[in-house]
Protein chains: 2
Amino acid sequence: MKKYLTLLLALLFLQMSLSAMAAQAIPKAAAAKDMAENTFMREAIMEAMAGIHAGHGGPFGSVIEKNGQIVGRGHNMVLINNDPTAHGEVTAIRSAGKTLGSYDLSGCVLYTTGEPCHMCLCAALWANIDLVYFGCTIEDNGLIGFRDDVFDNLFGGRDQLQNYLLSLDREACLKLFEEYNSMERIIY
Amino acid sequence: MKKYLTLLLALLFLQMSLSAMAAQAIPKAAAAKDMAENTFMREAIMEAMAGIHAGHGGPFGSVIEKNGQIVGRGHNMVLINNDPTAHGEVTAIRSAGKTLGSYDLSGCVLYTTGEPCHMCLCAALWANIDLVYFGCTIEDNGLIGFRDDVFDNLFGGRDQLQNYLLSLDREACLKLFEEYNSMERIIY
């Protein structure tokens, strides 16, 4: 009887360690994506993941939605394009402009993995985007080495935009940031 | 004697009216350019003039200088590219990034016909541009129909950037704005 019990316990431990190995083998990208509750934020995370693994820039991905459809998407391409303005939001706005054949993105909603800097925020306003959902905060951006927090203080904050900027799926986006933070990378 | 005096007066009036006609015939573009004292601002004005007459967007031209050479230039292309982010400054920054093969524009100075909005100002900061010279003010931009002043109030101003943003050749740039204001145009 004791022999069977030992065997049972051994099998149980074997199964537990196999499960743990399988969990480790799940790509972090998928993990971060799966953590996001919102479909569009999931897409933004996947955009960012593609960008960081291709060495294009920081962990910032964005999608633009209109009437339930994605009309624009993009990720940070500052490094690959030598373009300091190629943040994820700017890239997505340019993409949506092309898709819709208009500089006026009224009726569109922007989903982005990191709270927009003043450049991207003002770009969203110029584009007449209705609403912005962001994952990680300005402070989170600062913690992985970007100067968003410095510039934000310089300009005096965003107090008047509280109804325009809404937090969404921060935990999933922090997972993305965590992955980026563990990689070899250039901060600009 | 009276006959000669009359003839003299007639000749004087003829010369005056010919001069007036010649003055009218000088393209306003050249007039605005010639009013600018600074070489780089002159180039920025010519960029803007080319842009408005091609119907590309607002009267905003920019050049970027490094060690006395122009390394980037551009004008507003919001309308022609359906790109709400294609302000003159952003276009010039992207152009300089290409020329220098870098996202880091340290050592560069930006000259622009209208005081940069928060998008362009923050873009200049991300690009590590040393200094920004502007012609017309944020208020001047507002007076010809653009929302720079609205957004500026929303973000809480630019008090901490007084040493970064310097006024230059405003009168010449106002001439450019005046020309734009007299044209058929789309405000975005």
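A note on names: the letters A, B, ... follow the listed sequences, proteins ahead of strands, and every chain is numbered from 1.
In this structure, Val71(A) is a member of the same hydrophobic cluster as Val132(A), with clusters built from ILVMFWY side-chain heavy atoms closer than 4.5 Å. Taken together through direct or relayed side-chain contacts under 4.5 Å among Ile, Leu, Val, Met, Phe, Trp and Tyr, Leu125(A) and Ile138(B) form parts of separate hydrophobic clusters. In the hydrophobic clustering of ILVMFWY residues, with side-chain heavy atoms under 4.5 Å counting as a link, Phe146(A) and Met119(B) come out together. Residues Ile80(A) and Met183(A) do not share a hydrophobic cluster, clusters being chains of Ile/Leu/Val/Met/Phe/Trp/Tyr side chains in contact below 4.5 Å. There is a path of hydrophobic side-chain contacts, each under 4.5 Å, that joins Phe60(B) to Phe151(B).
Every ring pair (Phe, Tyr, Trp, His ring centres under 6.0 Å) that Tyr111(B) has, sequence neighbours left out, goes to Phe40(B), Tyr133(B).
At a threshold of 4.5 Å between non-hydrogen side-chain atoms, the residues His118(A) and Leu121(B) do not count as touching.
Comparing Val90(A), Leu154(A), Val150(A), Leu105(A) by how many heavy-atom pairs each has under 4.5 Å with chain B, the most go to Leu154(A). Among Ala127(A), Pro84(A), Ser95(A), the residue making the largest number of heavy-atom pairs under 4.5 Å with chain B is Pro84(A). Among the candidates Gly156(A), Ala96(A), Gly101(A), Cys120(A), the residue making the largest number of heavy-atom pairs closer than 4.5 Å to chain B is Gly101(A). For the set Ala123(B), Ala124(B), Ala86(B), the entry with the most heavy-atom pairs within less than 4.5 Å of chain A is Ala123(B). Of the residues considered (Asn81(B), Asp104(B), Asn128(B)), Asn128(B) shows the highest number of contacts with chain A, using heavy-atom pairs under 4.5 Å.
Only the side chain of Ile186(A) comes within less than 4.5 Å of a heavy atom of chain B; its backbone N, CA, C and O stay farther away. Contacts between Ile129(B) and chain A at a heavy-atom distance below 4.5 Å are absent for every atom of the residue. Using a 4.5 Å cut-off between heavy atoms, Tyr188(B) touches chain A through backbone and side chain atoms alike. Contact of Leu100(B) with chain A is not made at all, since no heavy-atom distance falls under 4.5 Å.
Judged by distance alone, the side chain of Gln160(A) and the main-chain N or O of Asn153(B) form a donor-acceptor pair under 3.5 Å.
Within 6.0 Å of CD in Glu139(B) there are more than 12 heavy atoms belonging to other residues, nucleotides or ligands.
The OH atom of Tyr103(A) sits 8.0 Å away from the CG atom of Asn82(B) when rounded to the nearest 0.5 Å. Separating the CD1 atom in Ile93(B) from the CG atom in Asp83(A) is a distance of 8.5 Å, to the nearest 0.5 Å.
Counting all heavy atoms, side chain and backbone alike, Trp126(B) lies closest to Arg147(A) at O-NH2, 3.2 Å.
Each of Asp159(B), Leu161(B), Asp152(B) was compared with Phe155(A) under the side-chain contact (heavy atoms from CB on, under 4.5 Å) criterion, and only Leu161(B) meets it.
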